[in-house]
Amino acid sequence: MPSLKRLDPDAALAELARLARRDLVDTASPSEDARGWAEVRERLARNQNRSRRRAMTWIVAAAAIAVVLVGGIGMLMGRSKPIEYTVEAGTIDEGGYVRATGAAGPTIRFSEGSQVGFLPSSRGRINSTTRDGAQLTVEDGGAEVAIVHRPRAEWLVDVGPFAINVIGTSFKVQWSSAEEVLDVRMHAGIVGVRGPLAAGGITVKAGQRLVVRVRSGEVRLDPDRGEAASGVRDDATDDLGAAPSNDEGIIANTPRPQADRRATGSRLSEVRNWSKLLASGEFRSILSQAEQMGIESALSTTSRQDLAALADAARYSRRTDIAERALIAERQRFKGSVQAKEAAFFLGRLAEDASKLRDAVSWYDTYLAEAPNGSYASEGLGRKMVAIQKMGGTETARQVARQYLDRFPRGAYAVAATQLLDSR
Amino acid sequence: MDLGAQVVPLQRVPPSYESDAELGAALIRGEPAAAHLVWKRYAPLVRRIVKRTLGPGYEVDDYAQDAFLRFFTMVPSLQEPKALRNFLVAVTTNVVRDALKYRWVRRIMQPLSTEVSEKAAPGDDPSEREALRRFYKILDGLSADDRTAYVLRFIEEMDLTEVADALGCSLATVKRRLSAIHKRIFKMVERDPALVEYLTTRNGRSHDA
């Protein structure tokens, strides 16, 4: 076999990059481009109308309050101002990115007394501030977070794919994107953590330490023995990659506290972006928002991406009833789109889980006919083969197995297909 | 009919705003034609970045539209009109990173899914198609941030400062990170016999005798 070690790495990767540059180009026709712009314009107009309606509602409400509480106007105006902040040992650019100006990590001091100190070499940003709190992101590295407890405080710290809801508390959080490990050490108060492997939300209290190792699927909630005792350093990668040192950790998957739910609900009502929530593992937030607006209304009015996110959130949370309706709605409302085609595959998965194998095969056939080269073509064909075999149609299953091996000789179901053909 | 007094109606010529500084300033002022001009000027770039980051076979239109929507709502924070392009690229990068994380959640929730590996790549030559598919399968092993950085630098061929701006990190961090990613990808390429064979046969720069 030829050896790549004799090739220049730069030349080898340059060749692959060249292929990508040559084949992955913008292929939109003028009419597709025009359609794209029309859709953007329409969505912008919808957003502006929503903002205007929201603004009008606020104006009416503010006027009513003004009539009743004339003397309180000044105070109310003052309260509606977002909290302010200053940065020490760093700067913030127009995108909200926090940059260190020296070796030490920058510290952000908020006007109501809270502060967030990024650890050295960490990356993060301030996404938004409101009168009640802020939304921050720690992209890599870590931060010491100290939030002053106030009524209605709403703080959200996004850490890698995780979201931490905070009311009033102090904790240290670290995320290693290289190792995909989250480490939360609670000094005081309580937080709710959501994300991969923590879809239902995990409550972490003062004196506890939560470590989530995404790759190995491990979630540990232990008493925090302190940095000296556990040998933790500020270097997130070194520390977080290490194996847990005791076996007393408990795997926790507790319901989200009421206060967290309130905080998230309020934040998300401002901007509905269910795809983003789904990426953060906030499946329950998506479902609860959909329930708040009415499932029927959610199915008939949400955007294509939000509807797909709702269907996924329902599937991951085992809410089969909502998942099925969302998938059907995707097919009806966005006929011909990638999401509509993929919905057929997922309807097959739901039918298969409910042991309705005939229905499952029918949905897989639909998907394979609509998207023969789609994302789930290999899996759809493989699952069809297995479902037919389970129904006792061994001969038909063998025909599907041949078809599978022709198309996907190295696919996930290749071994099963080969075994089926060899079992004559 | 008085042909001698023919009236030629004046047509409104839309402004062209040739430089980004002019276009950015017009956008900030809220001039009606500016948004469409931004789309016309940069939609191909945005679609290309999305396509090259997500890989072969993915629908790009929705993500490109999301990038523009997010960009237009963030225009008030565009302080330097001439930084219009960099700002849009940074917003697009964020949208694509969200999409990659979303895809990553799907993979976690459906470990058997072969979503990316079986995607069809464009191109006429089957060996090149297969090589490209395998290359993107390797990129699937990178984090969303690393993948975006790699694509912007080596496939989109942006310069290092543009990549740093798009990712919101320092030049030194980008250099260090890209060097590590480059080595990591090459190691993964080495472990793929089909790619090794393709590159050895195809690449005239081989040192093999």
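Naming: A, B, ... by sequence-line order, numbering from 1 per chain.
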Note to self: Ring-plane angle category for B/Phe68 and B/Phe71, please: parallel below 30°, perpendicular beyond 60°, tilted otherwise.
What the structure shows: perpendicular

Notebook entry, point to check: Where does the angle between the aromatic ring planes of B/Trp39 and A/Trp37 fall among parallel (under 30°), tilted (30 to 60°) and perpendicular (over 60°)?
Noted result: tilted

[X], part contacting chain A, at a heavy-atom distance under 4.5 Å:
X: B/Leu167; result: backbone
X: B/Arg191; result: neither
X: B/Glu156; result: neither
X: B/Arg97; result: side chain

For each of [options], tally heavy-atom pairs with chain A at distances under 4.5 Å, and name the one with the top tally.
options: B/Lys51, B/Arg48, B/Arg52; answer: B/Arg52
options: B/Lys183, B/Lys40, B/His36; answer: B/His36
options: B/Ala90, B/Ala64, B/Ala35; answer: B/Ala35
options: B/Val46, B/Asp61, B/Asp62; answer: B/Asp62
options: B/Asp146, B/Asn94, B/Thr173; answer: B/Asn94

Check: Do side-chain atoms of B/Arg147 reach the backbone of B/Thr53 as a donor and acceptor pair under 3.5 angstrom?
Finding: yes

Checklist line | A/Ser122 (side chain) donor-acceptor with A/Phe118 (main chain) under 3.5 angstrom | finding: no

Taking side chain as everything from C-beta outward and backbone as N, CA, C, O, which of these in [X] sits under 4.5 Å from a heavy atom of chain B? Side chain, backbone, both or neither.
X: A/Gln339; value: side chain
X: A/Arg41; value: neither
X: A/Thr27; value: both
X: A/Arg21; value: both

Notebook entry, point to check: Is any NZ, NE, NH1 or NH2 atom of the basic residue among B/Arg129 and A/Asp23 found under 4.0 Å from an Asp or Glu carboxylate oxygen of the other?
Noted result: no

Note to self: Under 4.0 Å between a side-chain nitrogen and a carboxylate oxygen: does that hold for B/Lys82 and B/Asp20?
What the structure shows: no

Check: To the nearest 0.5 Å, how far apart are CG in A/Leu13 and CZ in B/Phe186?
Finding: 6.5 Å

Next item on the list: Tell me yes or no: between the side chains of A/Glu379 and A/Tyr413, is some donor less than 3.5 Å from an acceptor?
Entry: no

Notebook entry, point to check: Looking at A/Phe346, is A/Arg315 sitting on its ring face, NZ or CZ under 6.0 Å from the six-membered ring centre and within 45 degrees of the normal?
Noted result: yes

